[in-house]
Novice: 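Just passing along the structure, written as structure tokens.
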Amino acid sequence: MTEKSIRVRFAPSPTGGLHLGGVRTALFNYLFAKHHNGKFILRVEDTDQNRFVEGAEQYIVSCLEWCGITTDESPNTGGEFGPYRQSERKSRYRKYAEELIEKGFAYYAFDTPAELEKMREQYKSEANPSPQYDSKIREKMNNSLTLSSAEVQERLTNKEPHVIRIKMPASTDVTLHDMIRGEVSFSTDQVDDKVLLKGDGMPTYHLAVVVDDYEMKISHAFRGEEWLPSAPVHVLLWEYLGWKNEMPQWAHLPLILKPDGQGKLSKRDGDRLGFPVFAMDWTDPKTGEITKGFKELGFLPEAFINMLAMLGWNDGSGEEIFKLNSLVEKFSVERIHKGGAKFDFEKAKWFNHEWIKRSKTDRLLPLVEKVLAENKIQASSALLSELIPMVQERCVLLSDFHTQLAYFFIDPITIDTDSISPKWNESKHDFFNSWKTGLEGLTDWSTATIEQSFKDAAEQAGIKPGELQLPFRIMLVGAKFGPPVFEIAARIGKASTLRRIDNSLALLKA
RNA sequence: GGCCCGUUGGUCAAUCGGUUAAGACGCCUCCCUUUCACGGAGGAAUGAGGGGUUCGAUUCCCCUACGGGCUACCA
């Protein structure tokens, strides 16, 4: 048995933002390839000129880069099996389609869109709500099977618009082995004569995927489960073109479903339920509309791919946190789930929180600097490096670093006096007023000395320190969160501390 | 409608004929902490239904139900 070298491909079409499911398909392809020391190829399926969206291809590349999914061959970087953009391969497809016609496995069809529409109307019935261009119907249409060869020749020389359709055999079972689902078989009676080459000379997905997988020597083809119904067409094409022995192994991935209700997760669900569906922000070049992505929302790519990998796969150990290289090491197709998984944004956030907690300061530093800069807060890297470990366990999203860190740099904008005013009284007011003097006299401004001074003053005032700690926190932070108060006081310095006490005291008096 | 795929707690899921049916998220209780978070200890919560096969089915088979996908000159 000859060992074919492992080559897989992620083949998105550049029609807009890159969906969660798309990234997961890319990821599984990548994990499989790298686990077997194979190649991961990016192939752009831009055969539909109507759906082509400017910038979408570069956006997809950027998403993969952000995720750390590197390509071995792609439109940008090239490779020995290029071009990797189907539009640039246009000229190669027609000859295969015509070869199929010669062999009797395909035919020319001259039906206009209107005629097809009419056909569907005509044959539509209760029993058959969606009539197909199949072995029965093709007898009634305008194609090289029904027209005389002279007329076909004439129409062809007149450059009459036409497509090439596969001629599905009658009553044959097509069986394929799916790495995830095992044997799956279909009756050819159920599948229609798919268009292989479109009127504009571009191939459809069906022809292109087979030709390109063959020419690019793809060994394993991973794609979403939505492709399963058309798989028999592809299998037949591999056979008809005489490449059966080189056909890749198929693997149809389960779908990612809506969290509520049912159905495939879509961009709309994200908008509706308030979470991203795209990997990164996507700006529609026509409308200018921006759709939020995981990256910009504050996800770490490590968390994003980790979460995606666990949606439909696990290593069986119960461990859920994996780095990309561990995923590569552990990945196995056998452990991919068969059933679809509902997307759970809460769990996605948990992954991110875990990754933020576990990340080294250096990893977080540039990202945190960016978040702060976006909020007009300048901070030195040295200071931030000390601050990050103090707050990272409190951040679920990178954007949380802003709220968790802002008060180290600027006085709180809102003071949650409601939390302290119910228990506020004259003696507490007096305490802070007099403690200020004590603080002013502190020569060594450190967490320990501030805390000691606080305790001493509290004792002198006859108030339990615990009752004064929350007020102090509210004064410095503005709300009930953050690291130990005295550490905060130590960091923000004497002047800021005193100023914030004064500001709050003024508010509490009123 | 037809075809195909799927079905373990609310969600992600382990189990590859014999278990008190893991673990995680979320939720609840408690501890730690006079903030928040982290951490720790507990808790509630699962094999769609019906037939087989078997000494024994969550696990294998069939039927039903339910869910999903596909049914374009879109991918």
Side-chain angles (χ1 to χ4, degrees), chain A residues 11-15 45-48 50-51 109 111-113 116-117 120 124-133 161-165 178 180-181 184-187 189-192 194-200 202-206 208-209 223-232 252 254-255 257-264 307 310-321 334-335 337-351 353 357 391-396 400 404 416 419 464-470 472-474 477 479-485 488:
Chain A
S13 49
T15 54
E45 311 229 332
D46 55 350
T47 53
D48 187 351
N50 301 317
R51 294 214 306 159
D111 317 282
T112 64
L116 291 173
E117 185 52 39
R120 290 196 187 95
K124 193 169 173 174
S125 69
E126 190 92 332
N128 182 13
S130 31
Q132 297 185 314
Y133 201 115
H162 64 274
V163 301
I164 294 177
R165 285 178 182 271
D178 183 275
I180 298 172
R181 290 149 216 285
V184 183
S185 62
F186 303 83
S187 165
D189 292 332
Q190 299 301 141
V191 358
D192 61 337
K194 297 269 186 237
V195 169
L196 263 21
L197 200 75
K198 301 189 265 192
D200 63 4
M202 277 288 195
T204 57
Y205 173 84
H206 308 294
V209 74
R223 64 200 337 185
E225 192 184 346
E226 70 268 27
W227 289 109
L228 206 43
S230 56
H252 291 88
L255 268 15
L257 278 10
K258 302 174 195 293
D260 63 344
Q262 250 61 224
K264 266 200 289 190
M307 176 271 291
M310 303 313 288
L311 222 47
W313 179 87
N314 70 81
D315 78 336
S317 71
E319 179 57 50
E320 294 185 276
I321 303 296
E334 299 72 52
R335 296 202 63 89
H337 241 256
K338 292 177 177 64
K342 288 184 186 169
F343 178 67
D344 181 359
F345 188 52
E346 290 306 317
K347 184 90 186 221
K349 284 194 291 190
W350 174 80
F351 274 105
H353 192 191
K357 282 192 296 186
V391 303
Q392 69 189 114
E393 68 191 17
R394 286 161 241 263
C395 298
V396 173
D400 292 336
Q404 290 293 341
D416 176 22
S419 295
K464 277 187 280 188
E467 288 187 35
L468 296 163
Q469 237 179 77
L470 182 63
F472 187 38
R473 165 177 301 281
I474 301 283
V477 178
K480 288 197 276 189
F481 65 86
V485 237
I488 297 171

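First the proteins, then the strands, lettered A, B, ... as listed; each starts at 1. All values below were derived from every heavy atom in this structure, side-chain atoms included, with hydrogens, water molecules and symmetry-related copies excluded.
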Novice: Assuming nearest nucleotide by heavy-atom distance, tell me which of A/T204 and A/P259 is located more 5' along RNA chain B.
Specialist: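 Looking at RNA chain B, the more 5' nearest nucleotide goes with A/P259.
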Novice: Reckon A/S187 touches a base, only the sugar-phosphate, or nothing at all at heavy-atom distances under 4.0 Å?
Specialist: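 Touches nothing.
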Novice: Taking only the side-chain nitrogens and oxygens of A/H337, find out if one of them lies under 4.0 Å from OP1 or OP2 of B/A14.
Specialist: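 Answer yes for this pair, as a side-chain N or O of A/H337 is under 4.0 Å from OP1 or OP2.
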Novice: With both distances under 3.5 angstrom, what nucleotide forms a Watson-Crick or G-U wobble pair with B/C66?
Specialist: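 Base-paired to B/G6.
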Novice: Can a cation-pi geometry be assigned to A/R394 and A/F481, taking NZ or CZ under 6.0 Å from the six-membered ring centre and within 45° of the ring axis?
Specialist: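 Because its charged atom misses either the 6.0 Å distance or the 45° angle limit, A/R394 does not stack over A/F481.
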Novice: Under 3.5 Å, side chain of A/S13 to main-chain N/O of A/T15, donor-acceptor pair present?
Specialist: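 No, the answer is negative, given that no donor and acceptor are paired below the 3.5 Å cut-off.
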Novice: When you get a sec, tell me which of B/C70, B/C38, B/U35 is the closest nucleotide to the side chain of A/F481?
Specialist: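 Nearest nucleotide to the side chain: B/U35.
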Novice: In whole angstrom, give me the gap between the P atoms of B/C60 and B/U7.
Specialist: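 My reading of the P atoms in B/C60 and B/U7 gives 10 Å.
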Novice: Over how many whole Å does the gap from A/H353 atom NE2 to B/C25 atom C1' extend?
Specialist: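 The answer, rounded to whole Å, is 13 Å.
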Novice: In the structure shown, which nucleotide is the Watson-Crick or G-U wobble counterpart of B/C36, with both distances under 3.5 Å?
Specialist: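 Because no pair has both required distances under 3.5 Å, B/C36 counts as unpaired.
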Novice: Between B/U35, B/A72, B/C12, spot the one nearest the side chain of A/D192, thanks.
Specialist: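 Between B/U35, B/A72, B/C12, the one nearest the side chain of A/D192 would be B/A72.
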Novice: Give the minimum heavy-atom separation between A/E320 and A/K347, together with the two atoms involved.
Specialist: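 Shortest heavy-atom contact: OE2-NZ, 2.8 Å.
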Novice: Which nucleotide, B/G1, B/C73, B/G26, lies nearest any side-chain atom of A/N128?
Specialist: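 The closest nucleotide is B/G1.
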Novice: Given B/G69, B/C73, B/G6, identify the nucleotide with an atom nearest to the side chain of A/R181.
Specialist: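 Among the listed nucleotides, the one closest to the side chain of A/R181 is B/G6.
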Novice: Classify the side chain of A/R394 and the base of B/C36 as holding, or not holding, a donor-acceptor pair under 3.5 Å.
Specialist: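 Side chain to base: pair present.
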Novice: Quote, to the nearest angstrom, the C1' distance that separates B/A14 from B/G23.
Specialist: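 It works out to 7 Å between them.
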Novice: Of all the choices, B/C73, B/G26, B/U71, which nucleotide is nearest to the side chain of A/R120 once you look at every atom?
Specialist: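 Selected nucleotide: B/C73.
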Novice: Kindly point out which of B/G26, B/U35, B/C73 is positioned nearest to the side chain of A/K198?
Specialist: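 It is B/C73.
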Novice: If you check the A/K480 side chain, which of B/U35, B/G10, B/A75 turns out closest?
Specialist: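 So the side chain of A/K480 is nearest to B/U35.
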Novice: Tell me which of A/K264 and A/R51 sits closer to the 5' end of RNA chain B, going by the nucleotide each one is nearest to.
Specialist: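 Nearest nucleotide further toward 5': that of A/K264.
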Novice: Within less than 4.0 Å of OP1 or OP2 of B/U11, is there a side-chain N or O belonging to A/K342?
Specialist: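 Answer yes for this pair, as a side-chain N or O of A/K342 is under 4.0 Å from OP1 or OP2.
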Novice: How about A/W350 and A/M307: do any of their side-chain heavy atoms sit closer than 4.5 Å?
Specialist: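 A/W350 does not reach A/M307 side chain to side chain.
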Novice: Look at all strands and tell whether A/E45 reaches a base, only sugar-phosphate, or nothing, counting heavy atoms closer than 4.0 Å.
Specialist: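 Contact class for A/E45: sugar-phosphate only.
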Novice: Across the strands shown, which category fits A/S13 at heavy-atom distances under 4.0 angstrom: base, sugar-phosphate, nothing?
Specialist: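 Sugar-phosphate, backbone atoms only, no base.
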Novice: Any base atoms under 4.0 Å from A/P161, or only sugar-phosphate, or nothing? Heavy atoms, all strands.
Specialist: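 Answer is nothing: A/P161 stays at 4.0 Å or more from every strand.
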Novice: Does B/A72 have OP1 or OP2 under 4.0 Å away from a side-chain N or O of A/R165?
Specialist: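 No, A/R165 has no side-chain N/O under 4.0 Å of OP1/OP2 on B/A72.
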Novice: Using a heavy-atom cut-off of under 4.0 Å over every strand shown, decide if A/G263 touches base, sugar-phosphate, or nothing.
Specialist: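 Touches sugar-phosphate only.
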Novice: Under a 3.5 Å cut-off for both contacts, is B/U53 paired Watson-Crick or G-U wobble with anything, and if yes, with which nucleotide?
Specialist: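 By the stated definition (distances under 3.5 Å), nothing pairs with B/U53.
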Novice: Go through B/C12, B/U35, B/C73 for me and flag the one nearest to the A/R473 side chain.
Specialist: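 Nearest to the side-chain atoms of A/R473, counting from C-beta on, is B/U35.
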Novice: Base, sugar-phosphate, or nothing: which does A/G224 touch, judged by heavy atoms less than 4.0 Å apart?
Specialist: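 Counting heavy atoms under 4.0 Å across all strands, no contact is made by A/G224.
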Novice: I'd like to know if A/K194 reaches the base of B/A72 with its side chain, counting only an N/O donor and acceptor under 3.5 Å.
Specialist: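 No, the side chain and the base share no sub-3.5 Å donor-acceptor pair.
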Novice: Rounded to the Å, how far apart are A/M310 CE and B/A13 P?
Specialist: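 In whole Å, B/A13 P and A/M310 CE are 9 Å from each other.
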Novice: With sugar-phosphate meaning primed atoms plus P, OP1 and OP2, does A/G482 contact a base, only sugar-phosphate, or nothing at under 4.0 Å between heavy atoms?
Specialist: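 A/G482: base contact, heavy atoms under 4.0 Å.
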Novice: Looking at CG of A/D315 and CE of A/M310, how far apart are the two atoms once the value is rounded to the nearest 0.5 Å?
Specialist: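 That separation rounds to 6.5 Å.
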Novice: Reckon A/K349 touches a base, only the sugar-phosphate, or nothing at all at heavy-atom distances under 4.0 Å?
Specialist: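 Touches nothing.
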Novice: Hey, does the side chain of A/D178 reach the backbone of A/H252 with a donor-acceptor pair shorter than 3.5 angstrom?
Specialist: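 At least one qualifying donor-acceptor pair exists.
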Novice: So what does A/H206 hit on the nucleic acid, given a heavy-atom distance under 4.0 Å: a base, only sugar-phosphate, or nothing?
Specialist: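 Nothing, no heavy atom under 4.0 Å.
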Novice: Check whether any side-chain N or O of A/T47 sits under 3.5 Å from a backbone N or O of A/M202 as a donor-acceptor pair, and report yes or no.
Specialist: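 Looks like no, no N/O pair under 3.5 Å.
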Novice: Is there a Watson-Crick or G-U wobble partner for B/C16 with both distances under 3.5 Å, and if so, which one is it?
Specialist: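 For B/C16, the partner nucleotide comes out as none, under the 3.5 Å rule.
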Novice: Taking the minimum atom-to-atom distance to the side chain of A/P113, which one of B/C73, B/U35, B/G68 wins?
Specialist: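 The answer is B/C73.
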Novice: When both hydrogen-bonding distances must be under 3.5 Å and the geometry is Watson-Crick or G-U wobble, what is B/A45 paired with, if anything?
Specialist: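 Matched B/A45 with nothing under the 3.5 Å cut-off.
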Novice: Using the side-chain heavy atoms of A/L228, tell me which of these nucleotides is nearest: B/C12, B/C4, B/C70.
Specialist: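 Side chain of A/L228 sits closest to B/C4.
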